[in-house]
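Report on one structure; see the data block that follows.
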Protein chains: 2
Amino acid sequence: MAGSASASTRGGETREQILAAAERLFAERGVAAVSNRQVSEAAGQANNYAVGYHFGSKTELVLAVVRKHDQSVELRRAEAVAATRGSERVRDWVHCLVRPTIDYLAALEPPTWLARFLAQAMTEPSLRAPILAANDGSPTLREVRAALTRLLPMQPEEVRDERSAMARHLLVHMCAERERALHEGGETPRATWEATGTGLIDAITAVFLAPATPVPPRGRGPSDGSPRRRRAR
Amino acid sequence: MAGSASASTRGGETREQILAAAERLFAERGVAAVSNRQVSEAAGQANNYAVGYHFGSKTELVLAVVRKHDQSVELRRAEAVAATRGSERVRDWVHCLVRPTIDYLAALEPPTWLARFLAQAMTEPSLRAPILAANDGSPTLREVRAALTRLLPMQPEEVRDERSAMARHLLVHMCAERERALHEGGETPRATWEATGTGLIDAITAVFLAPATPVPPRGRGPSDGSPRRRRAR
DNA sequence: TCTTAATTCAGTCAAGCGCCTTAATCCAGG
DNA sequence: CCTGGATTAAGGCGCTTGACTGAATTAAGA
């Protein structure tokens, strides 16, 4: 395997081309539907084993793409967290969850593939775990989670975890959906990434702040908040 | 191709076995990662072309699985809508969005594969469109959307559409996540499908009811609701 | 200038794939 | 009981894939 030629060595450039090609192809067709050969060829390599040589396996290729972008997002998130530290507003911390990703997407020059790529990669059963692990390692994300825990002290842990997962799903899949619409030239619900981010912050803030219907530990509870209804027919 | 042997003919039974095997394998490994041969073999067929014979293509196989379940969910949703008709509470209509799916999942005998299967199928680029089309055709879903539009008249259409998409993503992926955790024997944020449904209704209701930050038609607006911040470093 | 290690090229190979064919097998209606 | 259409078994064909290899090509340093 090639050493991680970080800079503009010969191999480093090839690596970049492979990463770019992989990101695009995986975003368009799904990770499993694209062979390493196709990635190698799309990257302009005559050697059909180029991916194997530079990355070892498809899993490591995908992780390399993820890491490449994660780095930049993590930086932006660190900035956002620094500016938010001390705030008592849930919305401010949700902002830290959403804006870094959105701003990074907006900063990439179109056409972008990242959002769709991430949605694909996160859904692939064999890739889900390692990618989420990388997420768990982010210190900034950890700080945001801690802040939300502090601001929502009455909320059962299970509810907060559940809602964190919801926030993640919304961010990933709504961005992917917008990116897809953008690419296909169709209509996008929002005119800009900026506006999409605002919509996501509105929604995710509402999710975290929503009153949680208490669920009885076991057995039927007094009510689950559903309307009057019992046998309609 | 086989006629749609609906009942318990010889071919009908094989069809069922193929559908069950496909649902399981696709849920576990992803649609693209499973070959038609593997599905045929898992269904106990010696003929590696069994899928082709009975369904024509992988796409039609997937759609057949979707339709099989959709039918039952649609029935439950019709009941729920009938019981909710006339209600002015957003939550009641969100209930109609969530409960039918959740209750159907809860009614299936474990282990279930449907939720993960749907998440996989919806993410597959080539399958997304036809599946969403089937969704659009549902008259009950149409009625729910109409009701929500009626109850949220001030909300820009783009915001409502966006939030409908959010609701769909949350329902699909949160169920898939719980089902996965259930299958792997890990911890589930909620003890029961019932409680998961309640959590989803809480969250999705909040999303629909959330105040939408107005986005200026063009150019920088007065505020996007973000905290005081301008150059943290 | 000359090494030399890293990288790319240009293939090979077995395994698995989609698609197709032919021959058995099944079973409902005559 | 027989027959014909539907279904399943068994396997072939051409192609792509992942994994691998040895020779050519760079390019950076001695």
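So you know, we letter chains A, B, ... as the sequences are listed, proteins then strands, and number each from 1. Hydrogens, waters and symmetry mates play no part in the numbers below; they use all other heavy atoms, side chains included. Being a predicted model, the structure only gives us computed values, none of them experimental.
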Students often get this wrong, so: under 4.0 angstrom with heavy atoms, is A:Asn36 touching a base, only sugar-phosphate, or nothing?
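Sugar-phosphate, no base atom in range.
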Check B:Arg142, B:Arg168, B:Arg145 against B:Asp136 for a salt bridge (charged side-chain N to carboxylate O under 4.0 Å, His left out) and give me the one that passes.
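That would be B:Arg145.
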Rounded to the nearest Å, what distance is computed from the [atom1] atom of residue [X] to the [atom2] atom of nucleotide [N]?
X: A:Asn47; N: D:dA23; atom1: CG; atom2: P; answer: 16 Å
X: A:Arg15; N: C:dA6; atom1: CZ; atom2: C1'; answer: 14 Å
X: B:Glu41; N: C:dC17; atom1: CD; atom2: C1'; answer: 11 Å
X: B:Glu13; N: C:dT25; atom1: CD; atom2: P; answer: 20 Å
X: A:Phe55; N: D:dG18; atom1: CZ; atom2: C1'; answer: 17 Å
X: A:Gln45; N: D:dT25; atom1: CD; atom2: P; answer: 16 Å

Closest to side chain of [X], choosing from [options]:
X: A:Thr14; options: C:dT8, C:dG11, D:dT8; result: C:dT8
X: A:Ser35; options: D:dT17, D:dA19, C:dC20; result: D:dT17
X: B:Tyr53; options: D:dT8, C:dC20, C:dG18; result: D:dT8
X: B:His54; options: D:dG12, D:dT8, D:dA19; result: D:dT8

Do [X] and [Y] meet the criterion of a side-chain donor-acceptor pair at a distance under 3.5 Å?
X: B:Ser72; Y: B:Arg77; value: no
X: B:Thr123; Y: A:Gln120; value: no
X: B:Thr59; Y: B:Ser57; value: no
X: B:Gln45; Y: B:Ser40; value: no

Could a donor-acceptor pair under 3.5 angstrom be found where the side chain of B:Arg37 meets the base of C:dG16?
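Counting by modelled atom types and ignoring angles, no donor-acceptor contact under 3.5 Å is found here.
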Is it the case that C:dG11 (base atoms only) and A:Asn48 (side chain only) share a donor and an acceptor within less than 3.5 Å, ignoring hydrogens and angles?
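Side chain to base: pair present.
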Would you tell me if any nitrogen or oxygen in the side chain of B:Tyr49 comes within less than 4.0 Å of OP1 or OP2 on C:dC19?
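For C:dC19, neither OP1 nor OP2 has a side-chain N or O of B:Tyr49 closer than 4.0 Å.
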Quick one: is D:dT16 close enough that its OP1 or OP2 comes under 4.0 Å of any side-chain N or O from A:Gln38?
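Checking A:Gln38 against D:dT16: no side-chain N or O falls below 4.0 Å of OP1 or OP2.
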